[in-house]
> 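I'd like to ask you about the structure that follows.
FYI, side chains are in, hydrogens and waters are out, and symmetry mates aren't considered; it's all heavy atoms of this structure. Nothing here was measured: the structure is a model prediction, and the numbers come from that model. Each ligand, and each atom within it, is numbered from 1 in the order the structure gives.
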Amino acid sequence: MHPADDLRGIKSEKLSKKRIVLGVTGSIAAVETVKLSRELIRHGADVYPVMTKAATKIIHPNSLEFATSHTPIIELSGQTEHVFFCGLVKDPVDLLLICPCTANTLSKIAHGIDDTAVTTFATTALGSKIPIIIVPAMHLSMYKHNVVRKNIEKCKEMNITFLDPNVFGNKAKMPSIDEIVAKVIRKIGKQDLVKKNILIIGGGTAEPIDDIRILTNRSSGKTAVALANNAFERGAHVELWYGNAKEIVPYHISVKNYETVKDLLKLLKNNKKTFDVIIVCAAIADYLPKRKKGKIPSGKNKLDIELSPAPKIIQKIRKGAPKSKIIAFKVEENKKDLKREALKLLIKNKLDAVVANTISAFGTDENEILIIDKKRKSITKKGRKEKLAGYILDTIK
Ligand SMILES: Cc1cc2nc3c(=O)[nH]c(=O)nc-3n(C[C@H](O)[C@H](O)[C@H](O)COP(=O)(O)O)c2cc1C
């Protein structure tokens, strides 16, 4: 077995049985394609590299053969590889991903010119209606060229998906590998949450004690980000309201930040969208400190902080969204209390499901959860938070 095959599916099965042709062209970003193809393989895909001659001057074909286990196609032969993979055949590939794509290659595709292995694969895939994703990579000056812009628009009109660069100042940065992989999964994955509007409320609150100190909790934000990412990959329109937490939110997730319970109430009040599903996995303060102005002086022998109960956010969410499916999280110290307390929360707030876990979930990559729905059916699942996010979202289909 080739070493690349050992990687297949070690992260997820989201691209299991999916065959992807990876077209690589002569951009310096071609050096990223070893990592990109291996990440696609980690999610279960089989990746077939196709290169332009210019690409082979940037990255050696041996590197892509090592990364994917398949010898890159650089020149077409009597095997008519473009037809075998992307033609009107019984078992064509699931996707042609051209990454990185030069100004030259995308302009040729826009005009139906095929004089390299990559452009011939593109012409064939377009004729066979095989999904195509192009990740353009070039200096901002090339990206801004009028003709290149027109050619990008032409390609989009031909139903080609573009993963546009993130433009900062005078730099056009290709999306990260994680973002490309998430968008590939969204395009050819199971797509069972397409057209769903999903709001995830995650992270922790941070309540001020004085003007510089806060009272917060150990929420890592991992579950919220995993839920947002999983829903995105399955085709949903996702919005994440994100509090105080360390986990980095991927660029492709739309985020609104909050810090305090008051901020969260403001977000709710100003919200104009109707969500099909709202998942509240945030660690929201139960008690709010009375804020002192300025800085409480250090060096005191004793300091009392006055706390008062916080408003119950979940009740307000249910009241403001009577038709949405709402899933809340409940955390308890003891496992034996999970089901009882989850059920209480579910009934009291007319929720659709409650996910209960113990305090050991805070800050860790793995968790054990109990999901109970309104028919009082419950299941227990254990594993990495990314995987558990998938089970939680299965309950709302
Ligand atoms: C080191 C190096 C880096 C390059 N980077 C880019 C790039 O990022 N984007 C681009 O459009 N062209 C880039 N070029 C120019 C292309 O390689 C050139 O236009 C070539 O003809 C593209 O051929 P292809 O589209 O068939 O791969 C680069 C060239 C070199 C030598």
> Quick one: which residue pairs count as a side chain to side chain donor-acceptor pair (under 3.5 Å) with a foot in residues 201-213, not counting sequence neighbours?
Asp210-Arg213, Asp211-Arg291
> Can you tell me which residue pairs pass the side chain to side chain donor-acceptor pair (under 3.5 Å) test with a partner in residues 25-40, sequence neighbours excluded?
Lys11-Glu39, Glu39-Arg42
> Please give me the minimum heavy-atom distance between Ala328 and Leu351, naming the atom from each residue.
CB-CD1, 3.6 Å
> May I ask you to establish whether Arg149 and Tyr143 are in a cation-pi arrangement, using a distance under 6.0 Å from NZ or CZ to the six-membered ring centre and at most 45° from the ring axis?
yes
> Once the angle between the rings of Phe275 and Trp241 is folded into 0 to 90°, is it parallel (under 30°), tilted (30 to 60°) or perpendicular (over 60°)?
perpendicular
> So which pairs with a foot in residues 317-329 pass side chain to side chain donor-acceptor pair (under 3.5 Å), sequence neighbours left out?
Arg318-Asp352
> Might you list the protein residues in contact with ligand 1, defined as having a heavy atom under 4.0 Å from one of its atoms, sorted by chain and number?
Thr25, Gly26, Ser27, Ile28, Thr52, Ala54, Ile58, Thr102, Ala103, Asn104, Thr105, Thr116, Ala137, Met138, Met142
